[in-house]
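Below, all heavy atoms of this structure are taken into account, side chains as well, without hydrogens, waters or symmetry copies. Owing to the predicted nature of the structure, the values given are computational and were not obtained by experimental measurement.
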Amino acid sequence: MSIEIDDTEGRRIPVEVVPGALRVGVRFAARPEGLSWSCTPAAARELAAALVRAAEDAERLSSADPVTVAAHELRRGDVRDGDRLMTVDHVRNDGASAHVTWRSGAGRSWTQAYAADAAITLRYRRRSED
């Protein structure tokens, strides 16, 4: 599985997560030689749970009031308001429609089509553009 995160200077850094025999490997491609570490599956679950809790706390602190935007204005990292965690992974606009790929807190992803001007209420709005 591969994702991207921002480093402290705002650069996008690819992160590769690889299951191995009794270990979970993580490789940060921040520089040519990369930075790698591994941990047990139990430690990986603890890290994942801690990251989810921190993300929820950060979203709670970032804005007391949800914001509503048109579907064509969604950006990667926007988090939909609701009882289930849904984060925008990708948006493709084709004029009248916005095709939004969502990622769940459990890592599942799916694409939904919306009218470009459909109102989408967000719990968290990513500040910087990708």
Side-chain angles (χ1 to χ4, degrees):
M1 176 175 76
S2 186
I3 62 170
E4 287 186 336
I5 61 173
D6 293 338
D7 69 7
T8 56
E9 295 163 2
R11 295 177 302 220
R12 301 296 289 174
I13 304 297
V15 179
E16 184 180 358
V17 180
V18 182
L22 303 177
R23 306 289 288 176
V24 175
V26 179
R27 184 178 191 291
F28 297 86
R31 45 187 193 260
E33 68 276 8
L35 171 65
S36 298
W37 61 270
S38 69
C39 60
T40 64
R45 281 190 204 84
E46 287 179 37
L47 174 60
L51 288 169
V52 167
R53 284 191 303 272
E56 290 170 350
D57 289 347
E59 289 165 358
R60 246 190 316 278
L61 294 172
S62 68
S63 173
D65 299 318
V67 61
T68 300
V69 300
H72 74 276
E73 296 174 350
L74 288 169
R75 303 186 293 236
R76 181 185 172 114
D78 287 343
V79 178
R80 184 143 190 191
D81 192 38
D83 53 345
R84 291 197 176 142
L85 185 65
M86 294 170 46
T87 304
V88 174
D89 195 42
H90 179 76
V91 180
R92 181 178 56 84
N93 292 302
D94 66 6
S97 300
H99 302 267
V100 181
T101 302
W102 297 98
R103 183 168 302 278
S104 74
R108 295 182 190 95
S109 65
W110 65 97
T111 300
Q112 279 182 270
Y114 299 89
D117 61 351
I120 307 292
T121 303
L122 302 174
R123 177 188 311 177
Y124 172 75
R125 181 77 205 238
R126 184 180 170 115
R127 287 184 287 200
S128 63
E129 295 281 339
D130 280 327

Under a 4.5 Å cut-off applied to non-hydrogen side-chain atoms, are His99 and Asp94 in contact? yes
Please check if any side-chain donor atom of Thr101 sits under 3.5 Å from a side-chain acceptor atom of Ser109, or the reverse. no
Treat each ILVMFWY residue as a node, draw an edge where side-chain heavy atoms are under 4.5 Å apart, and state whether Val52 and Met86 are in one component. no
Would you mind reporting whether Tyr114 and Val100 have side-chain heavy atoms less than 4.5 Å apart? yes
Which heavy-atom pair separates Ala115 from Ala71 by the least distance, and what is that distance? O-CB, 3.5 Å
Evaluate side chain to side chain contact (heavy atoms under 4.5 Å, CB included) for Arg75 paired with Val88, printing each intermediate quantity in order. CA-CA 7 Å; Arg75 303 186 293 236; Val88 174; over 6 Å; no
Are side-chain heavy atoms of Leu74 and His72 found at a separation under 4.5 Å? no
Short question: side chain of Asp117, backbone of Ala70 - any donor-acceptor pair under 3.5 Å? no
Go through Thr40 and Arg23 one step at a time and tell me if the side chain to side chain contact (heavy atoms under 4.5 Å, CB included) criterion holds. CA-CA 5 Å; Thr40 64; Arg23 306 289 288 176; 3.5 Å; yes
Let me confirm one number: the CZ-CZ distance from Arg76 to Arg103, rounded to the nearest 0.5 Å. 8.0 Å
Working note: Ile120 + Arg80, criterion side chain to side chain contact (heavy atoms under 4.5 Å, CB included); need CA distance, chi angles, decisive distance, verdict. CA-CA 7 Å; Ile120 307 292; Arg80 184 143 190 191; 4.0 Å; yes
Please check if Leu47 and Val26 belong to a single hydrophobic cluster, counting links between Ile, Leu, Val, Met, Phe, Trp and Tyr side chain heavy atoms closer than 4.5 Å. yes
Worked check of side chain to side chain contact (heavy atoms under 4.5 Å, CB included) between Leu122 and Val69: CA-CA 8 Å; Leu122 302 174; Val69 300; 3.9 Å; yes
Which atom pair, heavy atoms only, marks the closest approach of Ala44 to Cys39? N-SG, 3.7 Å
Leu22, CG: over 12 other non-hydrogen atoms inside 6.0 angstrom: no
